[in-house]
Colleague: 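Dropping the structure in here first, questions after.
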2 protein chains.
Amino acid sequence: MAPRSNPRKLVHPLEGYLGYQLRRAANFMQADLVRRSADLGLTIVEMSTLLVIEANPGVTQSEIGRLIAIKRANMVPLAAGLIERGLILASPVDGRSLGLRLTAVGMDLAARVRQRVAENEALLFRNLADDTAKSLPRQLQQIWREA
Amino acid sequence: MAPRSNPRKLVHPLEGYLGYQLRRAANFMQADLVRRSADLGLTIVEMSTLLVIEANPGVTQSEIGRLIAIKRANMVPLAAGLIERGLILASPVDGRSLGLRLTAVGMDLAARVRQRVAENEALLFRNLADDTAKSLPRQLQQIWREA
DNA sequence: TATTGTTATACTCTATAACTATA
DNA sequence: TATAGTTATAGAGTATAACAATA
C-alpha cells in the first residue's frame, strides 16, 4: 500500500491533537471489533444493547438509549431486529413501555460477545504501560461526562 | 430529558471498557466540533483535509488518504467539493497525480478551522488534570499505531 | 505490476421532525 | 405536560469492487 520509492515526507498537522487521536483510536477499536465479531452477525450497537439488557433484565428502550447514548428513534429498529432474531423478548411494563429480556439464545450470544470484547480490549492495551493504562478509561470518561 | 420521578438505577456493563470510553469520547468530540464549526460549512473530514494541504502544499489525494486514514475512493468527492468551493487548487505533478494547494480563500478558512479546533481541544481538556492530560494524545496514538 | 484516480454502491451510526398514545 | 414508542428521512463516515490510465 505504501509507495515503492521516494515516499515523500509529510507534515502531520493533526497528530498532536487529542481530538484527532480519539477519532483514530476509536476507529481502530471499531474496525477490530467488527472484524473480530463478524461471525456473530451483530453490529457494535447491537452488541452493546445486548450487554445492557443482560445486565438489566426488564430494561426499556428509552433507558438503554439514555445509558449508552442511542436516540429513542434509533432504538426502535434495533430492538425490533433483536426480537426478530430471537435474541430478546419484550413484555409490557405499563401501557406504553416494554421491558426487554434476553432469551436463552440471547444469553449464549451475549456470553460470546463478552469474550470478543475482552479480546478487543486486550488488543487496545497491548502497547500501553500497565500503570498508565489502568486509569485510561476513567480519564476518557471525564472528557465526555457532564460535570 | 431525564425522567421526573423514580429514575431507575441501572447497571452499566460497558463503563469500564476502554473501547466503550473511546467511542463515547470520540462522539462527544465530534458532536462539539460539528456544532462549533457549523458556520464554516465544512465537515470534520473536510477540515482535516484542509489542514493537511495547508501543511503540505502540493500533496496528492492518495498521500492525504494514507496520512489521515481516508480511502482513495472517498477522497475523490471530497477533493472535488473543496475545488468546487474555491478552497483548493489541483495541478498535475505527473500524468496521473494532482498536487493540491490552498487558494487564498482556503488559507483564510484553514486559519479559522485551526481556531475552532483549538476551542474544541480546550473543551476536551477541561476536566483533565494537567500532568496526566499532557501524555494522553501519545497514549492514544500507541493504541492504533502499527508497532 | 503497482499505483492513482475514478465510479458506483452499500452499510453503520447518528440526528431531527413529527406523530400517537400513555404517564 | 412530559415521556415512550414510532415512522420517515437525512447526513456523515467508512467500506469494497471494479475499471482506465499511468508509473
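Below, read A as the first sequence line, B as the second, and so on, with proteins coming before strands; counting in each chain starts at 1. Bear in mind that the values here come from a model prediction, so they are computed numbers and not experimental data.
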Colleague: Near DNA chain C, which residues from residues 77-93 of chain A have a heavy atom under 4.0 Å away?
Modeller: none
Colleague: Which pairs count as side-chain hydrogen bond (donor to acceptor under 3.5 Å, both in side chains) when at least one residue sits in residues 128-141 of chain A, sequence neighbours excluded?
Modeller: A:Thr132-B:Gln139, A:Gln139-B:Thr132, A:Gln141-B:Glu15
Colleague: Grouping I, L, V, M, F, W and Y whenever their side-chain heavy atoms are under 4.5 Å apart, do A:Met107 and A:Ile88 come out in a common cluster?
Modeller: yes
Colleague: From CD of B:Gln30 over to P of C:dC13, roughly how many Å is that when rounded to an integer?
Modeller: 14 Å
Colleague: Just to verify, what does B:Gln30 make a side-chain hydrogen bond (donor to acceptor under 3.5 Å, both in side chains) with, not counting sequence neighbours?
Modeller: none
Colleague: Examine A:Leu78 and A:Val105 and state if one hydrophobic cluster contains both, with Ile, Leu, Val, Met, Phe, Trp and Tyr joined whenever side-chain heavy atoms are less than 4.5 Å apart.
Modeller: yes
Colleague: Between A:Leu100 (CG) and D:dG5 (C1'), how many Å, whole number?
Modeller: 12 Å
Colleague: Rounded to the Å, how far apart are A:Trp144 CH2 and C:dT14 P?
Modeller: 13 Å
Colleague: Expected output is a numbered-order residue list: members of residues 44-61 of chain B with a heavy atom under 4.0 Å from any atom of DNA chain D. What is it?
Modeller: B:Ile44, B:Val45
Colleague: Between A:Val45 and A:Asn74, is the side chain to side chain contact (heavy atoms under 4.5 Å, CB included) condition met? List the steps.
Modeller: CA-CA 10 Å; A:Val45 176; A:Asn74 297 327; over 6 Å; no
Colleague: Send over the distance from B:Met75 CE to C:dT3 C1', rounded to a whole Å.
Modeller: 16 Å
Colleague: For residues B:Leu123 and B:Leu22: do they belong to one hydrophobic cluster (side chain heavy atoms under 4.5 Å, members Ile, Leu, Val, Met, Phe, Trp, Tyr)?
Modeller: yes
Colleague: Which parts of residues 32-43 of chain B get close to DNA chain C, meaning a heavy atom less than 4.0 angstrom away?
Modeller: none
Colleague: Is the backbone N or O of A:Gly99 less than 3.5 Å from a side-chain atom of A:Thr60, with the two atoms forming a donor-acceptor pair by type?
Modeller: no
Colleague: Any salt bridge (Lys or Arg N to Asp or Glu O under 4.0 Å) involving residues 84-102 of chain A? Give me the pairs, sequence neighbours left out, ordered by first then second residue.
Modeller: A:Glu46-A:Arg85
Colleague: Which parts of residues 111-119 of chain A get close to DNA chain C, meaning a heavy atom less than 4.0 angstrom away?
Modeller: none
Colleague: Evaluate the side chain to side chain contact (heavy atoms under 4.5 Å, CB included) criterion for residues A:Ile143 and A:Leu140: first the C-alpha distance (whole Å), next the side-chain angles of each, then the deciding distance (0.1 Å), finally the verdict.
Modeller: CA-CA 5 Å; A:Ile143 291 176; A:Leu140 294 177; 4.0 Å; yes
Colleague: Respond yes when some side-chain nitrogen or oxygen of A:Arg23 is under 4.0 Å from OP1 or OP2 of D:dA12, and no when none is.
Modeller: no
Colleague: So, using salt bridge (Lys or Arg N to Asp or Glu O under 4.0 Å) as the criterion, who are the partners of A:Glu121 when residues are at least two apart?
Modeller: none
Colleague: Mind checking whether A:Val52 and B:Leu10 sit in one hydrophobic cluster, side chains of I, L, V, M, F, W, Y counted as touching below 4.5 Å?
Modeller: yes
Colleague: Starting at the 5' end of nucleotides 15-23 of chain D, put B wherever the base has a protein heavy atom under 4.0 Å, S where only the sugar-phosphate does, and a dash everywhere else.
Modeller: BBB----BS
Colleague: Check the pair B:Asn56 / B:Glu63 against side chain to side chain contact (heavy atoms under 4.5 Å, CB included), numbers first and verdict last.
Modeller: CA-CA 10 Å; B:Asn56 302 279; B:Glu63 286 173 329; over 6 Å; no
Colleague: Considering only side-chain heavy atoms of B:Ser62, which listed nucleotide, D:dT6, C:dT7, C:dT4, is closest?
Modeller: C:dT4
Colleague: Listed by chain and number, what are the side-chain hydrogen bond (donor to acceptor under 3.5 Å, both in side chains) partners of B:Gln61, not counting sequence neighbours?
Modeller: none
Colleague: If you assign each of A:Leu98 and B:Ile70 to its closest nucleotide in DNA chain D, which residue comes earlier from the 5' end?
Modeller: A:Leu98
Colleague: Is it true that A:Leu124 and A:Leu128 fall in one hydrophobic cluster, defined by side-chain heavy atoms closer than 4.5 Å?
Modeller: yes
Colleague: My understanding is that only residues two or more places apart in sequence, or in another chain, count here; which of them pass salt bridge (Lys or Arg N to Asp or Glu O under 4.0 Å) with B:Arg36?
Modeller: B:Asp32, B:Glu119
Colleague: For B:Arg24, enumerate each residue passing the salt bridge (Lys or Arg N to Asp or Glu O under 4.0 Å) test, keeping only those at least two apart in sequence or located in another chain.
Modeller: none
